[in-house]
Amino acid sequence: MPKLYFKYGTMASSKSAQALMCKFNYEQKGMKVLLVKPEVDNRDDGEERMVRSRIGLTAKCYTIAPDQSFIELFEKVNAEGEIDIVIVDEAQFCTAEQIDQLKQLSQRASVLCYGLLLDFTCHLFEGSKRLVELADSLQEIKSVCRCGRKSSVNARFVDGKCVDSGPTIMIGGDESYESMCYWCWQDALHKNK
Ligand SMILES: [Zn+2]
């Protein structure tokens, strides 16, 4: 029986690289992979139909808008050849409804979701929350904070200052992010106040 997986980690914890290596492994064995990412991720600036990892791996992907259905996309691509595996990168940006659709699809093909668990305010993203509720398997991709502890928060910096308010998704801003443990994140926030 196929399953719904959620492999989560902080920023720069190699999630996209792992998603792409996984795709490569399945394709080496002759399996068909549907690689998708939610459209809200504009990191690629005009090259939206690519998944890119920080270590240089890239692959073409389908994108899906918040009002589009994973089931419709699956049916369309599946008609051209049966899909064995669905891989979703940046899965935190999916809507709760889209995660419900992925749960349905996991009866037909394994669905591997990669994404962030927590946003820059240390709360679950909508898609991540639904994945925690529905996934058959949760796996943490660990990464290290500057202090050596495990990182968990994706701290947002605007003009060099750590902030915990603002829009969930900031597009085109001059912000940057650092994955941190909860305690270093609290220290960084308090330095600003
Ligand atoms: Zn720390």
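Remember, it's 1-based here, ligands and their atoms both numbered in the order they're listed.
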Is the ring centre of Phe120 less than 6.0 Å from the ring centre of Tyr177? no

Which heavy atom of Met180 sits nearest a heavy atom of Cys145, and at what distance? CA-SG, 3.8 Å

Quick check for you: to the nearest 0.5 Å, what is the distance between Glu39 atom CD and Asp67 atom CG? 8.5 Å

Can you measure from CG (Leu73) to CG (Leu34) and round to the nearest 0.5 angstrom? 5.0 Å

Taking every heavy atom of Val77 against every heavy atom of Lys32, the minimum-distance pair comes out as O-NZ, 3.1 Å

Minimum heavy-atom distance Ser110-Pro2, with the two atoms named: N-CB, 3.4 Å

Only protein N/O/S atoms count here: give how many lie under 2.8 Å from the Zn ion (ligand 1). 4

